[in-house]
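Contents: one structure, followed by commentary.
Computed over heavy atoms, backbone and side chain alike; hydrogens, waters and symmetry mates excluded. Residue indices begin at 1 and follow the sequence shown.
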Amino acid sequence: MDTTPARVPIYQPDCPAQTVIDLLANKWALFILAALRHNGRPTRFNELRRMLGGVTQKMLTQTLRALERDGLVRRDFYPTVPPRVEYSLTELGLGAGQLTNAIGEWSQANVHRILAAREHYDESASAEVVPVGVVRA
């Protein structure tokens, strides 16, 4: 008799995997995983911060902690003077990094189509008068 619990579809609110999706859908988590995968070696905090233009120190710290907590990133502390901390991907993080890489490649390959669709939509929407309270199909 199979005792494996039935999988709940990811879009259902009681799906436990939603917490993982929430983490991976975070913009900075996606970029951190991609940067660490791109480097292919342990990376120091400030190097990551330089690579990820626009991330605040607080957001980078929070996201790295979340990724470490979930087993995707390893934090290695070296008690030197000054102290040195390096981040790298775990085996689990390497798998997630492959997903983020695929998203990045798809984004780069299709950005021109997305931008064209946005422009077309914006032009159509500005030409169309929609009464208040009416939902467009």
Side-chain angles (χ1 to χ4, degrees):
M1 173 177 219
D2 185 11
T3 59
T4 305
R7 280 188 168 186
V8 177
I10 192 69
Y11 52 83
Q12 293 293 318
D14 58 341
C15 178
Q18 279 193 6
T19 61
V20 177
I21 298 297
D22 288 344
L23 175 69
L24 294 178
N26 174 293
K27 166 182 148 178
W28 293 115
L30 184 103
F31 291 161
I32 290 168
L33 292 171
L36 289 172
R37 186 170 188 269
H38 174 78
N39 264 5
R41 59 173 171 73
T43 306
R44 295 182 73 170
F45 183 91
N46 284 328
E47 183 180 1
L48 267 175
R49 190 167 174 203
R50 283 190 299 275
M51 290 176 73
L52 304 169
V55 68
T56 64
Q57 182 172 339
K58 179 181 177 182
M59 181 55 65
L60 182 55
T61 299
Q62 288 175 346
T63 308
L64 282 167
R65 284 184 183 157
L67 291 167
E68 181 184 6
R69 178 178 182 243
D70 288 347
L72 301 174
V73 167
R74 177 179 33 257
R75 179 182 184 270
D76 292 313
F77 175 80
Y78 300 95
T80 59
V81 178
R84 185 174 55 132
V85 177
E86 294 179 337
Y87 297 91
S88 57
L89 294 176
T90 63
E91 185 179 334
L92 194 59
L94 286 169
Q98 290 173 340
L99 296 173
T100 62
N101 187 54
I103 291 170
E105 287 179 5
W106 182 90
S107 299
Q108 289 178 328
N110 291 287
V111 66
H112 65 285
R113 294 172 65 193
I114 301 293
L115 295 176
R118 285 180 190 170
E119 185 177 331
H120 175 72
Y121 178 90
D122 292 346
E123 287 171 1
S124 299
S126 65
E128 179 183 334
V129 177
V130 179
V132 174
V134 174
V135 178
R136 295 182 337 146

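R49 and T56 get closest at one heavy-atom pair: NE-C, 4.3 Å. Closest approach of S88 to P42, counting heavy atoms only: CB-CA, 4.1 Å. Residues E47 and N39 come closest through the heavy atom pair OE2-ND2, 3.6 Å. Minimum interatomic distance between L92 and G71 (heavy atoms only, all atoms of both residues): CB-O, 3.6 Å. The nearest pair of heavy atoms linking N26 to W28 is OD1-N, 2.7 Å.
Using modelled atom types, one finds a donor on one side chain and an acceptor on the other under 3.5 Å when comparing N101 with E105.
Evaluation of the side-chain hydrogen bond (donor to acceptor under 3.5 Å, both in side chains) rule for E86 yields R84 as partners, not counting sequence neighbours. For R113, the salt bridge (Lys or Arg N to Asp or Glu O under 4.0 Å) criterion is met by no residue, not counting sequence neighbours.
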Return all side-chain donor-acceptor pairs below 3.5 angstrom for residues 59-66, not counting sequence neighbours, or 'none' if the list is empty.
unit_1	atom_1	unit_2	atom_2	d
T61	OG1	Q57	O	2.9
T63	OG1	M59	O	2.8

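With hydrophobic clusters built from ILVMFWY side chains whose heavy atoms lie under 4.5 angstrom apart, L48 shares a cluster with F77. V20 is connected to V73 through a chain of hydrophobic side-chain contacts under 4.5 Å among Ile, Leu, Val, Met, Phe, Trp and Tyr, so both are in one cluster. Linking ILVMFWY side-chain heavy atoms closer than 4.5 Å, directly or via other members, places I21 and I32 in two distinct hydrophobic clusters. Side-chain heavy atoms closer than 4.5 Å link hydrophobic residues (I, L, V, M, F, W, Y) into clusters, and following such links, even through other members, never connects V8 to Y11.
Residues L115 and E119 fail the side-chain proximity criterion, which asks for heavy atoms closer than 4.5 Å. Under the 4.5 Å side-chain criterion, counting only non-hydrogen atoms from C-beta, L23 is in contact with L72. Within the 4.5 Å cutoff, no side-chain heavy atoms of L67 are placed close to those of L89.
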Q. Can you list the steps and then say if L33 with L24 is a side-chain contact (heavy atoms from CB on, under 4.5 Å)?
A. CA-CA 9 Å; L33 292 171; L24 294 178; 3.8 Å; yes
Q | Full working for side-chain contact (heavy atoms from CB on, under 4.5 Å) between R118 and I114 | A | CA-CA 6 Å; R118 285 180 190 170; I114 301 293; 3.8 Å; yes
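The CZ atom of R75 sits 10.0 Å away from atom CZ of F45, with the distance rounded to the nearest 0.5 Å.
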